Amino acid sequence: MNRTKLVSLAVGLVAVIALVTASGAFSGLAADRSIDISVVDDDEAYLKIDGVGEKFNATEGDPVDTLEITNQFSDEADLTIELEDSPEGFDEGDFESELERTLESGADHTYTLEANCTASGKVTVTITAETDSAEVTANDRSFHLECDETSGSS
């Protein structure tokens, strides 16, 4: 065999071996990592929510301040409230406040609704706050809206 054929044969053999064997890449990786999770009081949470579990007395048509939400992240947060459950006749349109907003770090916002005395009862919402680096969701937070006995419904 001459030298050119021998080199061609060697290069061909290397090419066949490279095609048959794995490329050396990997598609997955398992690594042990530690994570610390802390449970803190509501006042110290990234998303402070006041008004949950409270009963608000209302008079037909009057504004009622319900949930006060404070952004305690170090960044601004995009805040969204979704109505999950409510008395018949009450809907998201009864909130006077926009249910999507941006809160600066340290800022708070009080959600106000217009009392609808035909719809007294438990109102349940899900609250989500999203920053560039984190997302927090508070599921099934509720408060109770009750009409004053002196108010009349039409």
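All values below were derived from every heavy atom in this structure, side-chain atoms included, with hydrogens, water molecules and symmetry-related copies excluded. Position 1 is the first residue of the sequence; numbering continues from there. Since we're looking at a predicted model, the values are computed, not measured.
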**Message:** A side-chain contact here means heavy atoms from C-beta on lying under 4.5 Å apart; do Leu47 and Leu79 qualify?
**Reply:** yes

**Request:** Report yes if the side chains of Leu113 and Phe90 come closer than 4.5 Å at any heavy-atom pair, otherwise no.
**Result:** yes

**Nearest heavy-atom neighbours spanning Cys147 and Ser120** = N-OG, 3.3 Å

**Prompt:** Should we count CD of Glu100 as having more than 12 external heavy atoms under 6.0 Å?
**Reply:** no

**Atom pair NZ (Lys122) and CG (Leu145), whose distance is rounded to the nearest 0.5 Å** = 14.0 Å

Which pairs would a plain distance check flag for residues 61-77, meaning a side-chain donor or acceptor within less than 3.5 Å of a matching protein atom at least two apart in sequence or in another chain?
residue, atom, partner, partner atom, Å
Asp65, OD1, Thr112, OG1, 2.7
Thr66, OG1, Tyr111, O, 2.8
Asn71, OD1, Phe73, N, 2.9
Asn71, ND2, Asp75, O, 3.0
Asn71, ND2, Leu103, O, 2.9
Asn71, ND2, Glu104, O, 3.2
Gln72, NE2, Asp43, O, 3.0
Gln72, NE2, Ala45, O, 2.4

**Message:** Please report the interatomic distance CD(Glu135) to OG(Ser133), rounded to the nearest 0.5 Å.
**Reply:** 11.5 Å

**Item:** Spatial distance of atom OG1 (Thr124) from atom NE2 (His144) [nearest 0.5 Å]
**Value:** 11.0 Å

**Asked** Can you tell me how far OG1 of Thr102 sits from CD of Glu130, rounded to the nearest 0.5 angstrom?
**Response** 10.5 Å

**Message:** Around atom OH of Tyr46, are there more than 12 heavy atoms from other residues, nucleotides or ligands closer than 6.0 Å?
**Reply:** no

**Fill in**
Separation between CG (Asn139) and CD (Glu84), nearest 0.5 Å, reads 7.5 Å

